[in-house]
Amino acid sequence: RREKEGARRRDISSRRFGRFATRAAVPRRVVREAMDSVEQLKAGIQRAEVAGEALKLTSRTGVELDRKRQGNRECLRALRKQDIAARERRPGDPRPPARSFQFRPGGVIVRMTREESIAALERDQERLEADITANEVAKKKALKDLNDKGGVPDSVGQGLLNAFVNLRDDTKESDAEARRAGLDANDK
């Protein structure tokens, strides 16, 4: 019975400490290497977490910029429709107002002519388009950084990731030309 007990204890010890019988028998070098690998793992996880947060931030920024861009598009479309209605107006039809109100940064409401309002919205739209393009580049960079740090699952292959990171949108140039010509991208 004592032999079985001793064998059982040795078996448990060998499972806990590998080839060493007890914790005290584990050389300091092995303990130091294990601690270093744990610290490296923690540092790698922290780097991947920071890269993931950067990706989330660029995604949120992209959604916010897209929301603003859509609001500008809707406003420009409404102003242009009123201009078309004013040109095709018959006697007795209500006349659209000559001035419009516009919200400016800081919560200020400004009353300006329709032409000034349209010009300001178009300038703001061009700035938003540039910001969106810069955000897309930052998002691709953040995704590449996350992949380099090991944060992208293995199911996403390197080829697919490279294709996404190197993806370009050539339709924006034609949309910008159409806006300059006075057409809305939805009217094409």
Side-chain angles (χ1 to χ4, degrees), residues 12-20 23-77 102-109 119-180 183-188:
I12 291 172
S13 294
S14 67
R15 273 189 264 150
R16 286 178 37 208
F17 301 112
R19 65 177 185 234
F20 306 106
R23 167 75 173 93
V26 177
R28 291 184 188 269
R29 180 183 55 81
V30 174
V31 172
R32 222 179 1 252
E33 288 173 2
M35 293 299 283
D36 289 344
S37 65
V38 168
E39 290 300 319
Q40 288 174 352
L41 179 63
K42 281 175 46 178
I45 290 171
Q46 288 172 344
R47 285 192 301 269
E49 187 176 341
V50 168
E53 286 297 321
L55 182 63
K56 280 175 45 179
L57 179 65
T58 56
S59 295
R60 276 190 236 126
T61 303
V63 168
E64 185 64 26
L65 289 171
D66 193 47
R67 186 188 61 76
K68 288 178 184 178
R69 176 176 59 178
Q70 188 60 29
N72 276 2
R73 283 181 180 168
E74 291 172 4
C75 186
L76 279 169
R77 182 71 185 141
Q102 193 175 53
F103 286 101
R104 301 309 297 164
V108 177
I109 301 174
L121 283 169
E122 287 174 344
R123 282 191 307 270
D124 193 36
Q125 194 73 358
E126 288 175 10
R127 183 191 55 79
L128 280 172
E129 290 292 336
D131 290 348
I132 288 172
T133 303
N135 188 60
E136 288 173 353
V137 169
K139 187 175 182 179
K140 290 177 184 179
K141 183 182 180 304
L143 181 64
K144 187 163 178 26
D145 288 345
L146 183 60
N147 182 50
D148 292 344
K149 291 178 176 57
V152 177
D154 293 336
S155 61
V156 177
Q158 189 66 32
L160 180 61
L161 183 70
N162 286 338
F164 176 75
V165 169
N166 297 324
L167 190 64
R168 287 190 317 260
D169 187 8
D170 294 334
T171 60
K172 289 184 179 180
E173 294 170 8
S174 63
D175 287 348
E177 290 172 7
R179 264 195 256 54
R180 280 187 220 112
L183 299 175
D184 192 1
N186 297 331
D187 291 340
K188 287 187 198 177

Residues which pass salt bridge (charged side-chain N to carboxylate O under 4.0 Å, His left out) with Arg47, listed by chain and number, not counting sequence neighbours:
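If we apply the salt bridge (charged side-chain N to carboxylate O under 4.0 Å, His left out) test to Arg47, skipping adjacent residues, there are no hits.
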Test log, rule salt bridge (Lys or Arg N to Asp or Glu O under 4.0 Å), inputs Glu64 and Arg67:
CA-CA 5 Å; Glu64 185 64 26; Arg67 186 188 61 76; 2.4 Å; yes
Salt bridge flag under 4.0 Å for residues Lys139 and Glu136
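No.
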Expected list for residues 51-59: side-chain donor-acceptor pairs under 3.5 angstrom, two or more places apart:
unit_1: Thr58; atom_1: OG1; unit_2: Ala54; atom_2: O; d: 3.3
unit_1: Thr58; atom_1: OG1; unit_2: Leu55; atom_2: O; d: 2.8
unit_1: Ser59; atom_1: OG; unit_2: Leu55; atom_2: O; d: 3.0

Quick one: list whatever passes side chain to side chain contact (heavy atoms under 4.5 Å, CB included) with Asn72, sequence neighbours left out.
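Residues passing side chain to side chain contact (heavy atoms under 4.5 Å, CB included) with Asn72: Leu121, Asp124, Gln125, Leu128.
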Rounded to the nearest 0.5 Å, what's the gap from CZ on Arg127 to CD on Glu129? Could you check?
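Result: 11.0 Å between the selected atoms.
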Beyond-backbone contact of Arg69 with Leu65, side-chain heavy atoms, under 4.5 angstrom:
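The answer is no; the side chains never approach within 4.5 Å.
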